[in-house]
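What follows is one structure encoded as structure tokens, with my remarks underneath.
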Protein chains: 2
Amino acid sequence: MKPQGKASREEILEAARKVFIENGYDGARMQEIADEAGVNKALIHYYFRSKEELFQEVFLEAFIKVVPSVMVILNSDEPLFKKIEQFVSKYLDTLNENPLIPGFILHELAHGRQHIDALIRGTGLNPQFFINQIYREIDAGKIKNCDPTQLIINILSLCIFPFVAQPILKGVFFRNREDDYARFMLERKSDVVRFIIASIRKQQEES
Amino acid sequence: MKPQGKASREEILEAARKVFIENGYDGARMQEIADEAGVNKALIHYYFRSKEELFQEVFLEAFIKVVPSVMVILNSDEPLFKKIEQFVSKYLDTLNENPLIPGFILHELAHGRQHIDALIRGTGLNPQFFINQIYREIDAGKIKNCDPTQLIINILSLCIFPFVAQPILKGVFFRNREDDYARFMLERKSDVVRFIIASIRKQQEES
DNA sequence: GTCTATATCCAGATAGAC
DNA sequence: GTCTATCTGGATATAGAC
């Protein structure tokens with residue numbers, strides 16, 4: 001059962017995902033990855049030259065999963081309100097499946113382990129299309145006047161922050177009751193959409 | 001100039017704040033703290049028994065600075081809208097002065113180095129008063145019906161997230177231009193308040 | 001109180017047998 | 001391709017002189 005070639009590499013990667021994302025680069029131990037994968041430390045160095053290289057692969061994959069692949073929605077041709085609803089819904093689903101990734105990404109980016117510019121260029125991340133759409137909706141009198149960048153960052157904040165702050169929110173607001181927290185998260189999808197739409201929708205007789 | 005007693009302890013603490021908050025516990029090196037403080041590694045162990053103990057002091061101080069000390073505003077007797085405005089304004093000021101602390105706190109909490117329940121109890125953190133106020137405003141027909149917990153978490157998200165995500169936001173939205181980013185942050189205070197108020201304020205003839 | 005020197009441990013990485 | 005054994009560096013921590 002031992003010699004398996006290709007499979008080992010994937011098991012190491014899988015273990016590395018878990019250990020890196022849970023503990024961050026500095027907190028991760030090659031030994032723990034090896035144990036988790038059921039292989040020897042040396043084998044990790046055989047497939048990936050170093051801890052750094054293994055990390056890069058894990059990080060890039062995680063980054064793509066939660067950043068550009070979801071941002072794509074913002075470049076679709078849907079009308080604004082519908083697009084926001086789709087985006088929030090899809091994004092919260094994605095993050096619920098990978099609740100630790102946002103904190104992982106943000107922590108590593110904050111410590112300069114990653115070259116953000118290269119990531120942005122490499123993944124073609126660009127908010128300009130969506131920004132222009134918001135400007136058009138303002139000009140057309142469909143939504144209130146606002147700074148599109150602020151609006152987009154508001155949307156991202158409302159979606160991502162609860163995951164980054166999960167432990168403290170659980171403690172402060174739900175006394176660590178998993179079921180209360182789960183209910184909160186279920187409600188959140190529609191709640192966030194309502195919250196956003198309500199604050200940009202134009203009412204009667206406003207400028 | 002060397003023998004200074006009390007002063008050294010404070011200089012070590014100051015250096016430790018910088019190094020821990022920038023790099024996290026796992027990424028911090030005692031040597032770097034010593035260099036930064038202009039003292040010898042051994043002296044750190046003289047004042048603080050271990051890295052862990054030094055860290056605890058830094059963490060608790062940082063935690064108090066950005067969590068309970070600002071949450072106090074939420075327990076004042078101000079009317080709701082005024083309170084939200086005060087809170088956002090004060091909180092963004094506090095975070096602008098300590099932009100790295102949110103990421104630091106959240107990262108360490110996420111990795112269980114801290115016992116959140118003890119922190120919450122120790123600092124008397126409790127959102128119940130504010131939650132009740134929101135319920136009263138709803139009952140009085142002053143704001144739309146909503147889940148107060150969701151609302152509070154929305155407010156926190158809008159304030160804190162931009163700091164946690166600072167590097168990537170700078171890269172994606174401002175092409176790393178510091179002045180554009182600074183302008184954004186200046187605008188943000190009033191923008192966030194508007195955003196929140198607009199989404200909870202009651203309009204004519206709504207349920 | 002502050003330093004030098006050192007002990008101790010542990011992590012990442014490599015050599016080499018199978 | 002996978003393992004055992006080992007090297008090497010670096011990190012926390014301590015002993016002990018001044």
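Chain identifiers are assigned alphabetically (A, B, ...) following the order of the sequence lines, protein sequences preceding nucleic acid strands; residue numbering begins at 1 within each chain.
- Between A:M30 and B:L43, the one whose closest nucleotide on DNA chain C sits nearer the 5' end is B:L43.
- Contact check, B:Y46 against C:dC3: no side-chain N or O comes under 4.0 Å of OP1 or OP2.
- Contacts of A:A28 with the nucleic acid, taken as non-hydrogen atoms under 4.0 Å apart, involve only primed sugar atoms and P, OP1 or OP2.
- Regarding A:F48, its CZ atom lies at a distance of 16 Å from the C1' atom of C:dG12, rounded to whole Å.
- Enclosure of atom NZ in A:K189 by more than 12 non-hydrogen atoms of other residues, nucleotides or ligands within 6.0 angstrom is indicated.
- Between the CD atom of A:E32 and the P atom of C:dG12 there is a distance of 10 Å, given to the nearest Å.
- Distance, B:R49 CZ to D:dA15 P: 11 Å, rounded to whole Å.
- With rounding to whole Å, B:K51 atom NZ is found 18 Å from C:dC9 atom P.
- Heavy-atom contacts from other residues, nucleotides or ligands closer than 6.0 Å to NZ of B:K142 number 12 or fewer.
- Between A:Q31 and A:D35, the side chains place a donor N or O and an acceptor N or O closer than 3.5 Å (distance only, hydrogens not considered).
- The backbone N or O of A:Q86 sits nowhere less than 3.5 Å from a side-chain atom of A:S89 that would complete a donor-acceptor pair.
- A:S8 has a side-chain polar atom (N or O) that falls below the 4.0 Å cut-off from OP1 or OP2 of D:dT2.
- Summarising the geometry, the separation between CZ on A:R29 and P on C:dA13 is reported as 12 Å, rounded to the nearest angstrom.
- Contact annotation: A:H45 side-chain N/O to C:dT14 OP1/OP2 distance is not under 4.0 Å.
- Between the P atom of D:dT12 and the OH atom of B:Y25 lies a distance of 8 Å, rounded to the nearest Å.
- Atom-to-atom, OH of A:Y47 to C1' of C:dT14 comes out at 18 Å; the value is rounded to the nearest Å.
- Following rounding to the nearest Å, A:K41 (NZ) and C:dA15 (P) show an atom-to-atom distance of 15 Å.
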